[in-house]
Amino acid sequence: MTTFTPTTSADVLTAVQWALSEEVPLEIVGHGSKRGIGRPLQCEHTLDLSRLAGVTLYEPAELVLSAKAGTPLADIEKLLAENGQRFDFEPMDYGPLLGQAPGRGTIGGALAANLAGPRRLKAGAARDHILGINAVSGRGEAFKSGGRVVKNVTGYDLSKAMAGSWGTLAVLTDVTFKVLPAAETETTLAIRGMLDDNATAAMALAMGSSAEVSSAAHLPERMAARVLDGGLGGDPATLLRVEGFGPSVAYRLDQLKRLLGNAGAIEEISGAASATLWRDVRDVRPFADGSDKPVWRVSMPPADAHHMVLALRMQVAADAFYDWQGGLVWLRMEGEPEADLLRALIRKFGGGHATLVRAAAAWRAAVPVFEPQPAALAALSARLKAEFDPKAILNPGRMVPGSESATLAGATEGARP
């Protein structure tokens with residue numbers, strides 16, 4: 001078994017060219033925070049990008065940052081915070097959910113997994129903020145796409161094509177993202193005691209108002225007690241985040257209170273407590289229990305999601321909570337993943353897609369982890385894979401069995417419901 005630990009883009013190119021010449025597969029990893037997502041790989045050789053790290057360009061006035069692909073997100077976010085800026089797409093950290101320490105995710109992994117957080121409905125996902133990439137394809141060829149400013153759109157869509165490809169198209173070596181100023185103030189309204197159906201209606205009302213709510217989530221009974229170290233209490237909590245300048249936030253909060261005054265008791269959570277609360281929602285802390293009980297990530301129409309969850313609970317034991325105004329459902333099964341049942345119910349209640357983000361290796365080998373694609377999309381994915389990695393040497397089998405062909409499956413991970 002060989003582990004390559006490149007420190008330069010040239011080292012990455014050499015390693016991929018060797019694998020291509022030998023026709024042997026490579027597992028592509030950063031710090032391994034998302035290694036447990038996808039089908040188990042059968043690779044004797046690993047391309048470890050953890051030493052390909054460092055910020056190479058940061059111009060706060062131009063709202064642009066470039067970094068080597070293996071740079072920890074935590075380091076970059078600390079640098080941005082020191083300059084009053086942030087990644088507006090709020091990339092989640094899968095580490096705690098998968099039994100690892102937080103802060104191990106990398107900037108390259110954020111794009112490869114097309115990460116997004118609770119601000120998704122307003123700010124989009126990683127693919128909406130990428131400006132440019134440097135990468136090495138499975139053909140053993142170095143290429144670049146995009147640039148360092150939004151106006152430079154040469155190859156822009158090729159950068160976006162890497163989003164959600166999970167390392168099956170190319171090995172990212174450098175990425176450039178746009179960054180934005182951090183909000184001066186953030187406050188969360190927590191409406192207590194609502195059931196899932198009423199919470200869905202309240203979130204829709206709030207998101208459709210002029211209050212400019214940046215995030216909306218619902219934590220049913222028992223789920224609320226698993227965030228903020230239990231500080232939120234056990235009653236259901238419907239969460240609405242408002243961000244911006246202080247006077248504007250205060251005005252919009254009053255507007256929401258008048259709009260939702262009859263919904264239930266309303267609490268205000270401000271500052272650091274609000275930020276921690278949304279980080280817990282983002283990182284699926286209610287299910288970060290150290291177990292390998294199956295956890296699903298389901299994206300579907302917000303108005304239909306709670307109906308699907310109710311129908312599922314009529315047949316199997318499952319816990320759930322909702323983000324993205326109800327359009328993102330996090331599910332934890334108590335037993336088997338129940339993939340066929342879950343996907344049948346999703347089709348019945350409005351459509352969508354489900355990804356198995358945590359399960360024992362045996363289940364991940366037996367169950368389609370990513371949503372199976374329609375024939376036309378599967379054919380398009382196969383052609384795209386053939387263009388970038390004709391010998392299937394990059395993360396083969398991570399997304400589908402055999403030769404990797406469903407490389408577009410992950411691109412819907414952050415899709416708008």
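This structure is a prediction, so every number in the text was calculated from the model and none was measured. Numbers here simply count residues along the sequence, with the first being 1.
- Judged as a side-chain hydrogen bond (donor to acceptor under 3.5 Å, both in side chains), the pairs with a partner in residues 23-32 (not counting sequence neighbours) are, in order, Glu27-Arg35.
- Here the side chain of Asp88 pairs no donor or acceptor atom with the backbone of Leu180 at under 3.5 angstrom.
- When the shell of 6.0 Å around CZ of Phe143 is examined, it contains more than 12 heavy atoms from other residues, nucleotides or ligands.
- Asp289 places a side-chain N or O within donor-acceptor distance of the main-chain N or O of Ser291, the cut-off being under 3.5 Å.
- Checked against ring pair (Phe, Tyr, Trp, His ring centres under 6.0 Å), Phe349 has no partners two or more places apart in sequence or in another chain.
- Note on ring orientation: taking the six-membered ring where Trp is involved, the planes of Phe177 and Phe87 are perpendicular (angle over 60°, cut-offs 30° and 60°).
- Listed by chain and number, the residues in a side-chain hydrogen bond (donor to acceptor under 3.5 Å, both in side chains) with Thr46 amount to none (sequence neighbours excluded).
- Residues passing the side chain to side chain contact (heavy atoms under 4.5 Å, CB included) test with Ala211, sequence neighbours excluded: Ser209, Val213, Arg252, Gln255, Leu256.
- Taking Asp319 as the reference, Arg222, Arg332 meet the side-chain hydrogen bond (donor to acceptor under 3.5 Å, both in side chains) condition, with sequence neighbours excluded.
- Residues satisfying the side chain to side chain contact (heavy atoms under 4.5 Å, CB included) criterion with Thr187, sequence neighbours excluded, are Thr185, Val249, Leu253, Glu268, Ser270.
- A 6.0 Å sphere centred on CD of Glu221 holds no more than 12 heavy atoms belonging to other residues, nucleotides or ligands.
- To the nearest 0.5 Å, the span separating NE2 on His218 from OG1 on Thr238 amounts to 4.5 Å.
- Considering only heavy atoms from C-beta on, Val357 comes within 4.5 Å of Trp330 through its side chain.
- Annotation for Lys293: atom NZ counts as buried by contact number, over 12 foreign heavy atoms lying within 6.0 Å.
- Note that the CG atom of Leu49 and the OG1 atom of Thr173 stand 9.0 Å from one another [nearest 0.5 Å].
- Of the possible polar contacts, none joining the His129 side chain to the Gly124 backbone as a donor-acceptor pair under 3.5 Å is found.
- Formation of a donor-acceptor pair under 3.5 Å by the Arg398 side chain with backbone atoms of Leu41 is not found in this model.
- Glu22 pairs by the side chain to side chain contact (heavy atoms under 4.5 Å, CB included) definition with Trp18, Val24, not counting sequence neighbours.
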- Can you check side chain to side chain contact (heavy atoms under 4.5 Å, CB included) on Leu63 and Gln85, steps first, answer last? CA-CA 8 Å; Leu63 302 177; Gln85 296 182 335; 3.3 Å; yes
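- Interatomic distance, Leu239 CG to Arg192 CZ, rounded to the nearest 0.5 Å: 8.0 Å.
- Listed for the Arg39 side chain is a donor-acceptor partner under 3.5 Å among the backbone atoms of Gly397.
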Just list the side-chain donor-acceptor pairs under 3.5 Å for residues 95-103, sequence neighbours left out, or say none.
from: Gln100; atom 1: OE1; to: Arg104; atom 2: NE; distance (Å): 3.2
from: Gln100; atom 1: NE2; to: Gly32; atom 2: O; distance (Å): 2.9

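- The two residues Asp389 and Leu169 have their closest heavy-atom pair at CB-O, 4.3 Å.
- Residues forming a side-chain hydrogen bond (donor to acceptor under 3.5 Å, both in side chains) with Lys34 (at least two apart in sequence, or on another chain): none.
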- Task: Please test Asp11 against Thr14 for side chain to side chain donor-acceptor pair (under 3.5 Å), starting from the C-alpha separation and ending with a verdict.
- Result: CA-CA 5 Å; Asp11 292 342; Thr14 298; 5.4 Å; no
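- Judged by distance alone, the side chain of Asp280 and the main-chain N or O of Leu228 form a donor-acceptor pair under 3.5 Å.
- Here the side chain of Glu186 pairs a donor or acceptor atom with the backbone of Ala275 at under 3.5 angstrom.
- Remark: the backbone N or O of Thr71 is not paired with any side-chain donor or acceptor of Asp75 at under 3.5 angstrom.
- Leu240 contributes atom CG, which lies 8.5 Å from atom CE of Met207 (distance to the nearest 0.5 angstrom).
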- Task: Go through the steps to decide whether Ser9 and Asp174 satisfy the test side chain to side chain donor-acceptor pair (under 3.5 Å), and finish with yes or no.
- Result: CA-CA 8 Å; Ser9 300; Asp174 300 84; 3.2 Å; yes
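- Residue pairs meeting the salt bridge (charged side-chain N to carboxylate O under 4.0 Å, His left out) criterion with at least one partner in residues 342-352, sequence neighbours excluded, are Arg343-Glu371.
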- Task: Starting from the C-alpha separation in whole Å, work towards a yes-or-no answer on ring pair (Phe, Tyr, Trp, His ring centres under 6.0 Å) for Trp166 and Phe370.
- Result: CA-CA 11 Å; Trp166 290 90; Phe370 295 92; 5.7 Å; yes
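- A donor and an acceptor atom, one from each side chain of Glu44 and Thr2, are nowhere located under 3.5 Å apart.
- More than 12 heavy-atom neighbours from other residues, nucleotides or ligands sit within 6.0 angstrom of CD on Glu82.
- For the atom pair CG (Leu20) and NZ (Lys391), the distance works out to 7.5 Å, reported to the nearest 0.5 Å.
- With hydrogens and angles disregarded, no donor-acceptor distance shorter than 3.5 Å links the side chain of Arg364 to the backbone of Ile37.
- The backbone N or O of Gly109 lies less than 3.5 Å from a partner atom in the side chain of Thr106, making a donor-acceptor pair.
- Within the 4.5 Å cutoff, side-chain heavy atoms of Val171 are placed close to those of Leu47.
- In this view, Pro118 and Glu90, Ser215, Arg241, Trp278, Val281, Arg282, Asp323 satisfy the side chain to side chain contact (heavy atoms under 4.5 Å, CB included) rule, not counting sequence neighbours.
- Not a single side-chain hydrogen bond (donor to acceptor under 3.5 Å, both in side chains) links Arg313 to another residue, sequence neighbours left out.
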